[in-house]
Amino acid sequence: MGPTEREAGAATPARERGTGTAGAGSAPAAPAAPLRLAAEGRELRVTHPDRLLWRDPPVTKRAYLAYLARVAPLMLPWLRGRPLVVTRYPGGVEAPGFYQKETPAGRPAWVRTVTLTGRRPVRYVVCDDLPTLLWLGSQAVVEFHPWNAPVEHPHRPDWAVIDLDPQPPLGLREALELALDLRPLLAGLGLPAFPKLSGGRGLHLFLPLEPRYDEREVQRFVRSLGELALRRWPGRVTLERAVARRGARIYVDFLQNGPGRTMVAVFSPRPRPGAPVSFPLAWEEVGRLAAEIPTDSHRYTLLTVPSLLEAGAGRAWTGFWQARSPLPLPPGHGRQEPGGAQRGGGSPSCPT
DNA sequence: GGGAATT
DNA sequence: AATTCCCAACGCGGC
DNA sequence: GCCGCG
């Protein structure tokens with residue numbers, strides 16, 4: 001989804017919805033005063049606290065900040081120490097939004113940034129703490145896309161991502177089923193995988209990695225995993241870039257592992273109707289959900305900003321950071337081997 | 001959402 | 001003073 | 001070459 005998308009026919013800009021204003025004859029609806037917030041000794045100004053970021057279900061900026069504060073303990077570990085790319089929707093998620101890499105101007109002095117030079121130098125936000133998270137929320141940041149690598153070694157990702165994107169009429173159910181079949185295959189390669197709901201139709205598998213490979217190597221490896229899955233389940237899996245050629249299969253998007261590419265963080269909301277959230281699952285839940293969700297449920301929404309605000313954040317993956325794995329690279333994979341053109345592009349060996 | 005550039 | 005602009009990016013494959 | 005794609 002591009003951040004500039006908008007819901008068909010919903011051009012109405014988000015408007016201030018009076019906060020009740022029990023106003024018996026009181027002053028004419030005062031333009032909502034900026035809210036003052038303090039967190040961990042940092043002070044924050046929040047304009048338009050009652051603006052609706054999502055209309056259905058209704059989520060005001062104020063409620064959104066409460067959500068972020070609530071999930072912060074579980075969310076921050078996935079943002080901390082990484083360059084952050086965000087999408088922002090200052091007019092609400094039904095109005096156009098935009099990607100932002102460069103740190104928004106006017107940041108408080110205590111917001112950490114890091115400048116990385118690719119084609120051009122970019123000063124990224126590094127969201128290490130609650131005040132920074134809330135400041136981003138106050139800036140109408142809706143999606144959090146941390147780099148796959150930490151600032152200390154930005155070109156040595158410490159996780160790989162397998163993005164399972166079911167093409168309608170397939171839906172979450174089918175993505176969960178594929179993940180369940182992928183799991184033993186990955187385990188056979190010594191790769192524990194951690195699943196999360198994308199917040200859209202699909203599922204993301206995170207594979208904790210020893211940070212010794214560059215983005216290209218990781219991307220090549222995940223592509224070869226996709227090819228393996230494609231050979232094994234040709235009717236269920238596709239690696240096609242062109243939507244028209246994907247058919248009713250699960251698109252395995254390995255390109256998300258490339259240089260400078262990002263994946264939406266755990267607990268990041270999505271700028272879609274329903275205020276869905278990308279949510280970490282335990283494998284038992286993957287199995288349970290696969291059994292519960294109706295087939296072809298390509299619109300299934302499980303967890304939302306309001307539901308998590310109400311019920312609490314749940315839990316995180318356990319053991320992720322202890323599981324960092326080496327990639328089972330065949331000899332020569334990813335290394336310039338003088339004259340040693342190996343066949344097959346380095347597919348992982350597969351216990352068939 | 002807000003700073004900068006443009007009218 | 002008011003309005004508009006700007007906020008990523010890049011390679012790959014199909015045509 | 002341009003477009004769509006993520």
Side-chain angles (χ1 to χ4, degrees), chain A residues 1-5 13-16 31-35 37 44-53 60-62 64-65 83-93 95-108 111 113 115-125 132 134-148 154 161-168 198-204 215-216 218-220 222-223 226-227 238-247 249-264 270-272 278 345:
Chain A
M1 153 192 307
T4 56
E5 271 184 29
R15 278 197 345 249
E16 293 312 313
L35 177 68
L37 272 188
L44 210 54
R45 203 178 83 106
V46 182
T47 58
H48 310 297
D50 296 305
R51 170 164 298 169
L52 281 176
L53 257 25
T60 63
K61 195 196 279 187
R62 188 194 307 274
Y64 178 46
L65 292 172
L84 183 67
V85 180
V86 299
T87 67
R88 298 176 58 191
Y89 293 82
V93 301
F98 55 92
Y99 267 89
Q100 197 158 45
K101 296 179 144 181
E102 195 67 47
T103 300
R107 90 195 124 104
V111 168
T113 63
T115 298
L116 298 179
T117 300
R119 201 181 177 289
R120 298 285 183 210
V122 176
R123 173 183 288 204
Y124 294 88
V125 172
T132 304
L134 295 179
W135 172 67
L136 290 167
S138 81
Q139 296 295 97
V141 166
V142 167
E143 285 182 306
F144 298 78
H145 299 258
W147 275 34
N148 298 326
V161 176
I162 307 178
D163 181 359
L164 304 179
D165 189 10
Q167 304 299 295
S198 72
R201 290 180 304 266
L203 200 67
H204 300 153
E215 302 95 326
R216 298 284 183 188
V218 176
Q219 178 173 321
R220 270 203 307 272
V222 176
R223 185 215 290 135
E227 287 163 350
T238 177
L239 304 183
E240 291 287 352
R241 304 257 262 134
V243 172
R245 307 177 106 253
R246 285 181 193 164
R249 295 194 261 263
I250 312 288
Y251 174 56
V252 178
D253 182 7
F254 57 87
L255 296 166
Q256 281 303 106
N257 295 283
R261 313 207 54 161
T262 60
M263 175 61 63
V264 75
R270 311 307 299 270
R272 294 181 149 94
S278 185

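Scope of the values below: all heavy atoms of this structure, side chains included, with no hydrogens, waters or symmetry mates. A, B, ... follow the sequence lines: proteins, then strands. Residue 1 opens every chain. This is a predicted model, so every value here is computed, not measured.
C/dC7 atom C1' lies 14 Å from atom CG of A/Leu84, rounded to whole Å. Rounded to whole Å, atom C1' of D/dG6 lies 11 Å from atom CD of A/Gln167. Look at CZ on A/Arg270: it is 13 Å from P on D/dG6, rounded to the nearest Å. When rounded to the nearest whole Å, the span between CZ of A/Phe98 and C1' of C/dA9 equals 16 Å. Put simply, CZ on A/Arg201 is 12 Å from C1' on D/dG6, counting in whole angstrom units. As rounded to whole Å, 15 Å separates atom C1' of C/dA9 from atom CG of A/Leu116. As rounded to whole Å, 11 Å separates atom P of C/dG13 from atom OH of A/Tyr251. In this structure, A/Arg223 places its CZ atom 13 Å from C1' of C/dG13, rounding to the nearest Å.
OP1 or OP2 of B/dG2 sits under 4.0 Å from a side-chain N or O of A/Thr47. OP1 and OP2 of C/dC7 both lie 4.0 Å or more from every side-chain N or O belonging to A/Arg107. Within the 4.0 Å cut-off from OP1 or OP2 of C/dA8, not a single side-chain nitrogen or oxygen of A/Gln100 is found.
Residue-level contact check: A/Arg88 touches the bases, meaning some heavy atom is under 4.0 Å from a base atom. Using a 4.0 Å heavy-atom distance criterion, A/Val85 is classed as making no nucleic acid contact. Nucleic acid contact class of A/Arg246 (heavy atoms, under 4.0 Å, all strands): sugar-phosphate only. When heavy atoms are screened at a 4.0 angstrom cut-off, A/Glu240 is found touching no nucleic acid atom at all.
Relative ring orientation between A/His145 and A/Tyr99 is described as tilted, the plane-to-plane angle lying within the 30° to 60° band.
Taking both residues in full, the closest heavy atoms of A/Leu239 and A/Arg223 are given as CD1-O, 4.3 Å, listed atom of the first, atom of the second, then distance. In plain terms, the two heavy atoms of A/Tyr64 and A/Leu53 that are nearest each other are CD2-CD2, 3.5 Å. A/Arg246 and A/Glu240 get closest at one heavy-atom pair: NE-O, 2.7 Å. Contact between A/Asp163 and A/Gln256 at its shortest, heavy atoms only, is OD2-CG, 4.2 Å.
Of the candidate nucleotides C/dA8, D/dG6, B/dG1, B/dG1 has the atom nearest to the side chain of A/Gln139. For A/Lys101, counting side-chain heavy atoms from C-beta on, the closest listed nucleotide (D/dG6, B/dG1, C/dA8) is C/dA8. Closest to the side chain of A/Arg241, out of C/dG11, D/dG6, C/dA8, is C/dG11. Taking every side-chain heavy atom of A/Gln256 into account, D/dG6 is the closest of B/dG1, C/dC10, D/dG6. The side chain of A/Arg245 approaches C/dG14 more closely than any other nucleotide in the set C/dG14, B/dG1, D/dG6.
A side-chain donor-acceptor contact under 3.5 Å links A/Gln167 to the backbone of A/Asp165.
One P atom belongs to D/dG6, the other to C/dC6, and the distance between them is 26 Å to the nearest Å. Using P as the reference atom, B/dA5 and C/dA8 are 16 Å apart when rounded to the nearest Å.
For C/dA9, the base is not stacked against the aromatic ring of A/Tyr99, per a cut-off of 5.5 Å between centres and 30° between planes.
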